[in-house]
Amino acid sequence: MMEWIQLFIGFFIANILGYGGGPASIPLMYEEVVTHQGWLTDPEFSNMLALANALPGPIATKIAAFVGYGVSGWVGMTSALLATIVPSAAALILLLKLLQKYRSSPVVKGMTLLVQPVIAIMMFTLTWQMGRSSIVSIGALQALGIAAVAFWAMNIRKIHPALVILAAFAYGGLVLARFM
(Lines give C-alpha, C1' and ligand atoms only; values in the text may rest on other atoms or scores of the structure.)
Protein backbone atom coordinates (compact mmCIF):
# COMPACT_ATOMS: atom_id res chain seq x y z
CA MET A 1 0.00 0.00 0.00
CA MET A 2 2.88 2.37 0.69
CA GLU A 3 4.22 2.00 -2.86
CA TRP A 4 1.29 3.88 -4.41
CA ILE A 5 1.81 6.70 -1.90
CA GLN A 6 5.52 6.84 -2.81
CA LEU A 7 4.54 6.89 -6.48
CA PHE A 8 2.12 9.75 -5.88
CA ILE A 9 4.65 11.79 -3.90
CA GLY A 10 7.49 11.14 -6.36
CA PHE A 11 5.52 12.04 -9.47
CA PHE A 12 3.74 14.93 -7.74
CA ILE A 13 7.06 16.54 -6.78
CA ALA A 14 8.57 15.97 -10.22
CA ASN A 15 5.56 17.50 -11.93
CA ILE A 16 5.04 20.38 -9.54
CA LEU A 17 8.69 21.42 -10.01
CA GLY A 18 8.81 20.62 -13.74
CA TYR A 19 7.99 24.03 -15.18
CA GLY A 20 7.20 23.72 -18.86
CA GLY A 21 5.56 20.30 -18.95
CA GLY A 22 6.89 16.86 -19.85
CA PRO A 23 10.32 17.75 -21.24
CA ALA A 24 11.13 19.84 -18.18
CA SER A 25 9.94 17.20 -15.74
CA ILE A 26 11.73 14.25 -17.39
CA PRO A 27 15.03 14.88 -15.54
CA LEU A 28 13.10 15.19 -12.27
CA MET A 29 11.23 11.96 -12.99
CA TYR A 30 14.52 10.28 -13.86
CA GLU A 31 15.98 11.36 -10.53
CA GLU A 32 12.98 10.00 -8.63
CA VAL A 33 12.43 6.80 -10.64
CA VAL A 34 16.04 5.71 -11.18
CA THR A 35 18.26 7.40 -8.61
CA HIS A 36 16.04 7.87 -5.57
CA GLN A 37 13.57 4.96 -5.67
CA GLY A 38 15.31 2.48 -7.99
CA TRP A 39 12.07 1.51 -9.73
CA LEU A 40 13.91 1.38 -13.07
CA THR A 41 17.55 1.10 -14.13
CA ASP A 42 19.25 3.56 -16.50
CA PRO A 43 18.74 1.34 -19.58
CA GLU A 44 15.12 0.60 -18.63
CA PHE A 45 14.41 4.33 -18.22
CA SER A 46 16.10 5.07 -21.55
CA ASN A 47 14.05 2.42 -23.34
CA MET A 48 10.83 3.55 -21.68
CA LEU A 49 11.57 7.19 -22.57
CA ALA A 50 12.25 6.28 -26.21
CA LEU A 51 9.01 4.34 -26.43
CA ALA A 52 7.08 7.13 -24.71
CA ASN A 53 8.47 9.62 -27.25
CA ALA A 54 7.34 7.41 -30.12
CA LEU A 55 3.75 7.20 -28.87
CA PRO A 56 1.27 10.06 -29.25
CA GLY A 57 0.22 12.20 -26.31
CA PRO A 58 1.92 13.88 -23.35
CA ILE A 59 5.17 12.20 -22.37
CA ALA A 60 4.83 12.77 -18.61
CA THR A 61 1.60 10.80 -18.40
CA LYS A 62 3.05 7.90 -20.39
CA ILE A 63 6.06 7.74 -18.07
CA ALA A 64 3.80 7.88 -15.01
CA ALA A 65 1.52 5.15 -16.34
CA PHE A 66 4.40 2.84 -17.25
CA VAL A 67 6.29 3.24 -13.98
CA GLY A 68 3.16 3.26 -11.81
CA TYR A 69 1.83 0.06 -13.35
CA GLY A 70 5.22 -1.63 -13.09
CA VAL A 71 5.61 -0.74 -9.42
CA SER A 72 2.09 -1.26 -8.10
CA GLY A 73 -0.30 -2.39 -10.84
CA TRP A 74 -3.46 -0.48 -11.67
CA VAL A 75 -3.53 1.33 -8.32
CA GLY A 76 0.05 2.50 -8.83
CA MET A 77 -0.70 3.61 -12.37
CA THR A 78 -3.72 5.60 -11.22
CA SER A 79 -1.76 7.16 -8.37
CA ALA A 80 1.15 8.18 -10.60
CA LEU A 81 -1.20 9.54 -13.27
CA LEU A 82 -3.15 11.62 -10.75
CA ALA A 83 0.10 12.99 -9.34
CA THR A 84 1.15 13.91 -12.86
CA ILE A 85 -2.12 15.49 -13.98
CA VAL A 86 -3.32 17.32 -10.83
CA PRO A 87 -0.37 19.77 -10.49
CA SER A 88 -0.56 20.74 -14.16
CA ALA A 89 -4.33 21.15 -14.14
CA ALA A 90 -4.36 23.20 -10.94
CA ALA A 91 -1.42 25.34 -12.05
CA LEU A 92 -2.98 25.88 -15.46
CA ILE A 93 -6.22 27.16 -13.97
CA LEU A 94 -4.42 29.49 -11.54
CA LEU A 95 -1.83 30.71 -14.02
CA LEU A 96 -4.37 31.43 -16.73
CA LYS A 97 -6.23 33.69 -14.33
CA LEU A 98 -2.99 35.46 -13.34
CA LEU A 99 -1.78 35.67 -16.91
CA GLN A 100 -4.99 37.31 -18.00
CA LYS A 101 -4.53 39.90 -15.29
CA TYR A 102 -0.77 40.55 -15.75
CA ARG A 103 -0.30 39.63 -19.41
CA SER A 104 1.87 42.60 -20.38
CA SER A 105 3.96 42.77 -17.19
CA PRO A 106 7.73 42.86 -17.78
CA VAL A 107 8.20 40.75 -14.64
CA VAL A 108 6.16 37.88 -16.10
CA LYS A 109 8.08 38.08 -19.38
CA GLY A 110 11.40 38.16 -17.51
CA MET A 111 10.56 35.13 -15.36
CA THR A 112 9.75 33.11 -18.47
CA LEU A 113 13.07 34.04 -20.06
CA LEU A 114 15.02 33.14 -16.89
CA VAL A 115 13.53 29.67 -16.62
CA GLN A 116 14.45 28.62 -20.17
CA PRO A 117 18.23 28.16 -19.50
CA VAL A 118 17.49 26.03 -16.43
CA ILE A 119 15.33 23.70 -18.52
CA ALA A 120 18.06 23.52 -21.18
CA ILE A 121 20.68 22.55 -18.57
CA MET A 122 18.39 19.90 -17.07
CA MET A 123 17.78 18.39 -20.53
CA PHE A 124 21.53 18.44 -21.29
CA THR A 125 22.22 16.63 -17.98
CA LEU A 126 19.64 13.95 -18.76
CA THR A 127 21.04 13.52 -22.28
CA TRP A 128 24.56 13.21 -20.86
CA GLN A 129 23.50 10.56 -18.32
CA MET A 130 21.56 8.53 -20.88
CA GLY A 131 24.37 8.81 -23.44
CA ARG A 132 26.93 7.64 -20.89
CA SER A 133 24.80 4.63 -19.95
CA SER A 134 24.39 3.79 -23.66
CA ILE A 135 28.13 3.87 -24.19
CA VAL A 136 28.67 1.64 -21.17
CA SER A 137 26.02 -0.87 -22.23
CA ILE A 138 26.65 -1.15 -25.99
CA GLY A 139 30.06 0.46 -26.52
CA ALA A 140 31.19 3.84 -27.79
CA LEU A 141 31.49 2.88 -31.45
CA GLN A 142 28.02 1.38 -31.67
CA ALA A 143 26.42 4.25 -29.67
CA LEU A 144 28.06 6.86 -31.92
CA GLY A 145 27.04 4.88 -35.02
CA ILE A 146 23.41 4.79 -33.91
CA ALA A 147 23.53 8.53 -33.11
CA ALA A 148 25.06 9.31 -36.53
CA VAL A 149 22.47 7.24 -38.40
CA ALA A 150 19.65 8.81 -36.37
CA PHE A 151 21.01 12.31 -37.10
CA TRP A 152 21.29 11.51 -40.80
CA ALA A 153 17.79 9.99 -40.93
CA MET A 154 16.06 12.88 -39.16
CA ASN A 155 18.01 15.88 -40.44
CA ILE A 156 19.14 14.86 -43.93
CA ARG A 157 16.44 12.40 -45.01
CA LYS A 158 13.69 14.14 -42.94
CA ILE A 159 12.37 10.85 -41.54
CA HIS A 160 9.94 11.27 -38.64
CA PRO A 161 11.61 10.74 -35.21
CA ALA A 162 9.05 8.08 -34.24
CA LEU A 163 10.15 5.94 -37.21
CA VAL A 164 13.81 6.43 -36.31
CA ILE A 165 13.06 5.33 -32.73
CA LEU A 166 11.20 2.27 -34.00
CA ALA A 167 14.14 1.42 -36.26
CA ALA A 168 16.50 1.73 -33.27
CA PHE A 169 14.21 -0.59 -31.28
CA ALA A 170 14.27 -3.10 -34.12
CA TYR A 171 18.04 -2.86 -34.34
CA GLY A 172 18.33 -3.37 -30.57
CA GLY A 173 16.03 -6.37 -30.77
CA LEU A 174 18.11 -7.92 -33.54
CA VAL A 175 21.34 -7.35 -31.63
CA LEU A 176 19.81 -8.72 -28.43
CA ALA A 177 18.40 -11.77 -30.25
CA ARG A 178 21.85 -12.46 -31.69
CA PHE A 179 23.33 -12.74 -28.20
CA MET A 180 20.58 -14.99 -26.80
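If you read the sequence from its start, that first residue is 1, and numbering goes on from there.
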Decide yes or no on side chain to side chain contact (heavy atoms under 4.5 Å, CB included) for Val33 and Met48, but give the supporting numbers first.
CA-CA 12 Å; Val33 169; Met48 182 263 315; 5.7 Å; no
Set out, in order, the CA-CA distance, both residues' side-chain angles and the distance that settles side chain to side chain contact (heavy atoms under 4.5 Å, CB included) for Gln129 and Asp42, then state yes or no.
CA-CA 8 Å; Gln129 290 171 341; Asp42 275 334; 5.8 Å; no
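In this view, Ile9 and Ile5, Ile13 satisfy the side-chain contact (heavy atoms from CB on, under 4.5 Å) rule, not counting sequence neighbours. With sequence neighbours excluded, no residue forms a side chain to side chain donor-acceptor pair (under 3.5 Å) with Glu31. Considering only residues two or more places apart in sequence or on other chains, Thr61 meets the side-chain contact (heavy atoms from CB on, under 4.5 Å) condition with Pro58, Leu81, Thr84, Ile85. Applying the ring-ring contact (aromatic ring centres under 6.0 Å, His included) criterion to Phe8, with sequence neighbours excluded, gives Phe12. Taking the side-chain contact (heavy atoms from CB on, under 4.5 Å) definition, one finds that Thr127 meets it with nothing, sequence neighbours left out. Scored by the side chain to side chain donor-acceptor pair (under 3.5 Å) test, Thr35 finds no partners at all (sequence neighbours excluded). When the side-chain contact (heavy atoms from CB on, under 4.5 Å) test is applied to Ile165, the partners found at least two apart in sequence or on another chain are Ala50, Asn53, Ala54, Phe169.
The line from CG of Leu114 to CD1 of Ile119 is 11.5 Å long, rounded to the nearest 0.5 Å.
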Give the table of side-chain donor-acceptor pairs shorter than 3.5 Å for residues 152-161, with sequence neighbours excluded, one pair per line with atom names and distance.
residue	atom	partner	partner atom	Å
Lys158	NZ	Asn155	O	3.0
His160	ND1	Ala162	N	3.0

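Residue pairs that meet the ring pair (Phe, Tyr, Trp, His ring centres under 6.0 Å) test with at least one member in residues 112-137, sequence neighbours left out, do not exist here. The ring pair (Phe, Tyr, Trp, His ring centres under 6.0 Å) pairs that include a residue from residues 55-78 are Tyr69-Trp74, where partners are two or more places apart or lie in different chains.
For CG of Leu96, the number of neighbouring non-hydrogen atoms (other residues, nucleotides, ligands) closer than 6.0 Å is greater than 12.
In this structure the side chain of Phe11 reaches within 4.5 angstrom of the side chain of Val67, judged on heavy atoms.
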